[in-house]
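Here the structure is a predicted model, which means the values were calculated and not measured. In the text below, chain A, chain B and the rest are named by the order of the sequence lines, each starting its count at 1. No hydrogens, no waters, no symmetry mates; every other heavy atom, side chains included, goes into these values.
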Protein chains: 2
Amino acid sequence: MTTTKKVGRPKKFNRDDALMAAVNIFWAKGYDGASMKDLTLGMGINGPSLYAEFGDKRGLYLQAIDKYVNNGASAPLVALEQEDDIEKAVGAFFLAAIDYSTKHQGGARGCFLASCVSTSAGEVEGARELLKKAVEATDTRIAERFEREKRRGNLPTDFPSKERARLLFDLRQGLVFRARAGLPGESLVENIEDRVQMILDC
Amino acid sequence: MTTTKKVGRPKKFNRDDALMAAVNIFWAKGYDGASMKDLTLGMGINGPSLYAEFGDKRGLYLQAIDKYVNNGASAPLVALEQEDDIEKAVGAFFLAAIDYSTKHQGGARGCFLASCVSTSAGEVEGARELLKKAVEATDTRIAERFEREKRRGNLPTDFPSKERARLLFDLRQGLVFRARAGLPGESLVENIEDRVQMILDC
DNA sequence: GTTGTTTTGTATCGATCGCTATAAAATCCA
DNA sequence: TGGATTTTATAGCGATCGATACAAAACAAC
């Protein structure tokens with residue numbers, strides 16, 4: 001699709017790229033720790049443009065959270081959903097989580113939601129609601145993946161999908177916390193197979 | 001023990017109480033989100049006294065982390081160590097963790113280390129090291145509790161203490177994250193018995 | 001009662017915060 | 001080519017930041 005010609009000075013920045021850059025800055029420094037200077041420099045966009053496009057600092061933050069939830073954070077879920085073999089799928093979920101929390105291109109470790117957004121829960125209006133929503137949505141998607149496997153006959157009909165979904169989610173939280181604390185990736189991948197069995201056992 | 005008389009104007013504050021108040025403020029607002037005004041008001045101590053006693057904001061923060069690690073955060077560990085029956089001990093660990101992350105007197109939810117200190121890992125010098133140290137120390141204490149149970153013959157000699165210690169720790173991280181996200185305490189205590197069995201199974 | 005010491009209270013520092021006013025630049029269109 | 005529109009660049013706003021200088025207060029000791 002060709003870009004429609006538009007009156008006025010052309011924008012110098014790409015919205016999605018700028019927003020991704022904002023995610024990385026907030027992920028490294030947190031909401032309060034990231035200054036407008038950090039953000040304008042990192043996003044390659046100056047003050048008035050940032051305010052025109054994203055509203056204010058809080059607006060940018062909430063949009064950055066949405067961006068993260070629908071991109072980076074969904075990689076483990078996508079891995080779980082796309083791998084056909086359920087054991088490999090659960091393993092892929094863990095490995096994707098370890099991957100984004102130890103080596104994503106922005107450089108910050110851990111999980112943006114757990115390590116940074118949770119600090120602002122209760123402080124930045126809207127942050128806790130987005131956090132709660134993300135937890136519940138992830139639980140639901142994981143449970144749905146297990147339900148699909150039950151329908152296929154690969155898991156027993158009495159397999160407790162909701163409980164195991166929460167279990168998988170909680171284990172991932174431990175891993176990403178360790179990553180943020182600086183523990184090496186290798187120590188995180190130990191025992192993944194045991195944990196896969198634990199998730200899927202009846 | 002009588003208080004030794006001291007030349008000069010008596011201090012108006014109690015160091016431990018002031019430090020506990022600082023923990024609560026940092027736990028609610030994070031390092032950057034807590035201003036010196038927030039801290040001096042909450043601690044009931046003014047600027048010059050705070051600087052004389054604790055150094056600077058960063059020094060206060062690192063001491064607050066130590067305080068937390070050796071007090072509030074150790075409640076689950078103490079519960080695990082003090083309960084004689086290992087199944088009850090593991091259950092008590094979870095319940096103590098849910099308790100301090102949903103209803104401690106300071107009001108902030110979740111875990112101070114996971115929800116706030118992790119934001120400053122990499123930003124506040126010393127924070128990541130204290131975090132890493134706390135994770136490793138907790139893993140070790142949990143593993144030691146399992147080893148003691150093995151020596152008593154209550155757990156099999158091939159029980160993988162280190163792996164299960166990490167498992168217990170990681171599961172707790174999921175619970176405290178949910179608490180910070182605003183999920184109710186009741187939903188956190190569901191399936192505790194299943195999880196206890198999971199930890200102790202061979 | 002005075003001196004010395006320690007701590008608290010008040011005022012204020014230089015720097016930075018999030019955000020906005022206004023000028024200049026870069027386009028399209030008639 | 002000039003006008004209109006949109007965006008970027010620059011300067012700067014009022015407020016707050018973390019930290020400190022100095023005066024006053026509260027004690028012990030003589």
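Straight-line distance from the CE atom of A/Met36 to the P atom of C/dT16: 17 Å, rounded to whole Å. The distance from atom CD1 of A/Ile45 to atom P of C/dC19 is 14 Å, rounded to the nearest whole Å. Atom P of nucleotide C/dT7 and atom CZ of B/Arg15 are separated by 13 Å, given to the nearest angstrom. We find that CZ of A/Phe54 is positioned 13 Å from P of D/dT7, with the value rounded to whole Å. Regarding A/Tyr51, its OH atom lies at a distance of 18 Å from the P atom of C/dT22, rounded to whole Å. Taking atom NZ of residue A/Lys11 and atom P of nucleotide D/dT8, one finds them 7 Å apart after rounding to whole Å. Computed from coordinates, the B/Lys29 NZ to D/dC17 C1' distance equals 14 Å when rounded to whole Å. Rounded to a whole Å, the CG atom of B/Asn46 is 5 Å from the P atom of C/dG9.
In this structure, B/Lys12 and B/Gly8 both approach DNA chain C, and ranking their closest nucleotides by distance from the 5' end singles out B/Gly8. Comparing B/Asp38 and B/Pro10, the nucleotide of DNA chain D nearest to each residue sits closer to the 5' end for B/Asp38.
Taking only side-chain atoms of A/Arg9, from C-beta outward, the nucleotide of C/dT7, C/dG4, D/dA9 with the closest atom is D/dA9. Out of D/dC17, D/dT5, D/dA19, the shortest distance to the side chain of A/Val7 is found at D/dT5.
Within the structure, every side-chain polar atom (N or O) of A/Ser35 is placed at least 4.0 Å from both OP1 and OP2 of C/dT16. For D/dC17, the OP1/OP2 oxygens have no side-chain nitrogen or oxygen of B/Lys57 closer than 4.0 Å. Distances shown here put a side-chain N or O of A/Lys6 below 4.0 Å from the OP1 or OP2 atom of D/dT7. Dashed line: the shortest gap from a side-chain N or O of A/Ser49 to OP1 or OP2 of D/dT7 is not under 4.0 Å.
Donor-acceptor pairing under 3.5 Å is lacking for the side chains of B/Tyr31 and A/Thr119.
By the 4.0 Å N-to-carboxylate-O rule, B/Lys150 lies close enough to B/Glu147 to be salt-bridged with it. A salt bridge does not link B/Asp139 with B/Lys162: every distance from a Lys NZ or Arg NE/NH1/NH2 to an Asp or Glu carboxylate oxygen is 4.0 Å or more. A salt bridge links A/Arg178 with B/Asp170; the closest basic N to acidic carboxylate O contact falls under 4.0 Å.
The two residues A/Gly47 and A/Thr40 have their closest heavy-atom pair at N-CG2, 3.8 Å.
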